[in-house]
Amino acid sequence: MAKSSAHTPVTVVPGGDAYLNASRVKELCAQALKARPDAELIELDATNADQYAFDEAVSPSLLSDVSVVRIDNLQNADEKFAEALVSYTKQSVKDPASASVVICQHEGGAKGKRVLDQLVKAGARKEDVPDLKKPDAQLNFVYKEFERRKRRVDPSAAQQLIAVLGGKTGELAAMCEQLCFDFDDNPVGLERVNQYLTANPQVTGFAVADKAMEGRTAQAIVMMRSAVEQGTDPIALIGALAMKLRTLAKAAAVKSGTISQAEAKTNPWVLRNATKQLGGWTSAGLSHCIRMLAWADEQSKTNGGDPLYALERCIEDISHKGR
């Protein structure tokens with residue numbers, strides 16, 4: 001992190017995960033307002049705000065001598081706005097105690113990188129947030145969400161949360177909070193997580209696929225029909241079954257050495273689980289089931305098609321490993 005003096009009135013939060021970026025900006029604004037109870041919060045969007053709006057925001061007003069200015073989308077700032085911000089940063093570091101606090105949100109990337117570099121050089125503080133693109137980083141995030149509430153979570157439960165909500169950090173954070181609020185279990189286990197994710201068609205589809213893969217045809221069909229009766233769209237279940245089989249195909253390809261684990265581009269835990277389920281499957285059987293799901297998908301999209309019958313056929317075929 002560059003120039004991380006606590007007395008620097010200007011802070012920039014560039015890039016990283018969009019949810020974490022927004023959360024950090026919000027936290028910094030709250031901290032600044034707590035430290036200066038007399039300050040007013042002024043929000044600007046650099047996409048349409050100009051240098052005059054910025055100058056006015058950081059200047060004393062009738063209500064307050066100082067303000068906390070939140071600037072969103074700094075990457076979209078025009079040249080004059082950027083110049084005014086850099087100039088203010090240089091002045092404010094000389095007398096931080098009487099300066100207004102400015103917190104800038106920047107989406108990262110090449111756009112607006114120049115203003116970012118100029119601000120840091122002028123004395124602004126840069127706060128980096130993680131991007132959470134890798135499964136390990138997502139897993140770490142889930143553990144920390146439980147830890148900060150003084151709670152623990154089973155590794156299998158954390159992995160399930162990531163398998164379903166991995167790319168949706170906001171939903172992931174909300175789910176961790178909800179689980180801690182609603183249950184006293186410590187650690188929170190897989191059963192509790194699945195209890196909350198059952199409304200998610202992907203989870204229901206995975207559960208149906210797991211039952212089918214264990215050869216429990218009747219149970220899988222009952223589970224599927226119950227989900228549809230409760231309002232789950234058959235096409236969502238078909239999608240989840242197809243995703244499960246594609247993961248199985250990737251696991252088979254990794255096992256045979258056709259592709260590497262990195263090339264599979266799949267959560268390592270999900271891949272390990274799929275590898276355990278490979279017993280008895282052949283590439284012909286897998287291909288047949290994937291073709292059947294494509295047919296079921298067609299049935300659910302055409303008038304006069306029977307998606308439930310098509311889903312049952314697919315479940316039966318998966319139970320028999322495509323034979």
Side-chain angles (χ1 to χ4, degrees), residues 1-132 137 141 144-145 148 169-170 173:
M1 281 191 196
K3 299 198 178 189
S4 62
S5 159
H7 302 295
T8 305
V10 180
T11 306
V12 192
V13 185
D17 178 84
Y19 172 81
L20 292 184
N21 184 306
S23 297
R24 188 66 192 127
V25 168
K26 198 174 167 187
E27 275 169 23
L28 290 167
C29 289
Q31 285 166 14
L33 288 165
K34 194 177 176 186
R36 300 182 176 207
D38 55 328
E40 64 171 320
L41 177 67
I42 298 170
E43 297 182 10
L44 299 176
D45 188 330
T47 310
N48 46 37
D50 58 19
Q51 74 191 89
Y52 304 110
F54 172 73
D55 287 339
E56 191 182 328
V58 292
S59 303
S61 70
L62 291 169
L63 299 170
S64 174
D65 288 339
V66 291
S67 48
V68 172
V69 183
R70 172 179 173 155
I71 300 173
D72 285 311
N73 299 306
L74 178 63
Q75 72 283 350
N76 297 334
D78 66 26
E79 207 169 319
K80 296 278 187 210
F81 188 118
E83 280 171 12
L85 182 53
V86 171
S87 169
Y88 177 77
T89 305
K90 285 176 183 168
Q91 286 167 12
S92 66
V93 290
K94 293 173 190 166
D95 184 14
S98 60
S100 287
V101 174
V102 179
I103 294 147
C104 309
Q105 178 270 331
H106 188 296
E107 69 177 20
K111 189 180 180 187
K113 188 176 185 304
R114 186 160 166 257
V115 65
L116 193 60
D117 295 340
Q118 287 172 336
L119 283 171
V120 172
K121 197 176 174 187
R125 184 163 62 111
K126 186 175 158 209
E127 281 248 352
D128 292 309
V129 291
D131 66 13
L132 297 192
F141 171 73
K144 279 184 177 165
E145 285 296 295
R148 72 192 184 92
T169 313

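Source: prediction; values computed, not measured. Because only heavy atoms are used, hydrogens play no part in the values below, and waters and symmetry mates are left out as well, while side chains stay in.
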Using the rule given for side chain to side chain contact (heavy atoms under 4.5 Å, CB included), can you reason through F141 versus L20, listing the C-alpha separation, both sets of side-chain angles and the distance that settles it, and then say yes or no? CA-CA 10 Å; F141 171 73; L20 292 184; 3.6 Å; yes
Start with the C-alpha gap between I71 and F81, add the side-chain angles, then the distance that decides, and say whether side chain to side chain contact (heavy atoms under 4.5 Å, CB included) holds. CA-CA 11 Å; I71 300 173; F81 188 118; 4.0 Å; yes
When you measure from the side chain of Q105 to the backbone of N73, do you find a donor-acceptor pair of N or O atoms at a distance under 3.5 Å? yes
Interatomic distance, CG@L74 vs CD1@I103, rounded to 0.5 Å, equals 13.0 Å
Closest non-hydrogen atoms of A84 and F54, given as atom of the first, atom of the second and distance, are O-CE2, 3.6 Å
Between L44 and A57 the two heavy atoms that sit nearest each other are CD1-CB, 4.1 Å
Rounded to the nearest 0.5 Å, what separation is found between the NZ atom of K90 and the CD atom of Q118? 8.0 Å
Looking at side-chain heavy atoms only, is the closest gap between L28 and R125 below 4.5 Å? yes
Under the side chain to side chain contact (heavy atoms under 4.5 Å, CB included) rule, what do K111 and N76 come out as? Steps first, then yes or no, please. CA-CA 8 Å; K111 189 180 180 187; N76 297 334; 2.7 Å; yes
Heavy atoms of V93 and A122 approach each other most closely as CG2-O, 4.1 Å
Where A53 and A49 come nearest, the two heavy atoms and their spacing: CB-CB, 4.4 Å
The reported gap from CD in E40 to OG in S100 (rounded to nearest 0.5 angstrom) is 9.0 Å
Taking E107's backbone N and O only, do any of them form a donor-acceptor pair with N21's side chain (distance below 3.5 Å, no angle check)? no
Strictly distance-based, threshold 3.5 Å: is any side-chain N or O of D17 a donor or acceptor partner for the main-chain N or O of V129? no
Would you mind reporting whether S98 and V66 have side-chain heavy atoms less than 4.5 Å apart? no
Output the distance between atom NZ (K126) and atom OG1 (T11), rounded to the nearest 0.5 Å. 13.0 Å
Tell me if a side-chain donor or acceptor on S92 pairs with a main-chain N or O of Y88 at a distance below 3.5 Å. yes
Could you note down all residue pairs passing salt bridge (charged side-chain N to carboxylate O under 4.0 Å, His left out) where residues 44-72 supplies at least one of them, sequence neighbours left out? R70-D72
Which value, rounded to the nearest 0.5 Å, describes the distance between L116 atom CG and Q75 atom CD? 10.0 Å
Apply side chain to side chain contact (heavy atoms under 4.5 Å, CB included) to residues L85 and C104 and explain how you reach the verdict. CA-CA 10 Å; L85 182 53; C104 309; 4.0 Å; yes
A39 to S67 - nearest heavy-atom pair and separation: CB-CA, 4.1 Å
Between D117 and K121, is there a salt bridge with N-O shorter than 4.0 Å? no
Which heavy atom in L132 sits nearest to a heavy atom in A137, and how many Å separate them? CD2-O, 3.5 Å
Are the side chain of T89 and the backbone N or O of L119 linked by a donor-acceptor pair below 3.5 Å? no
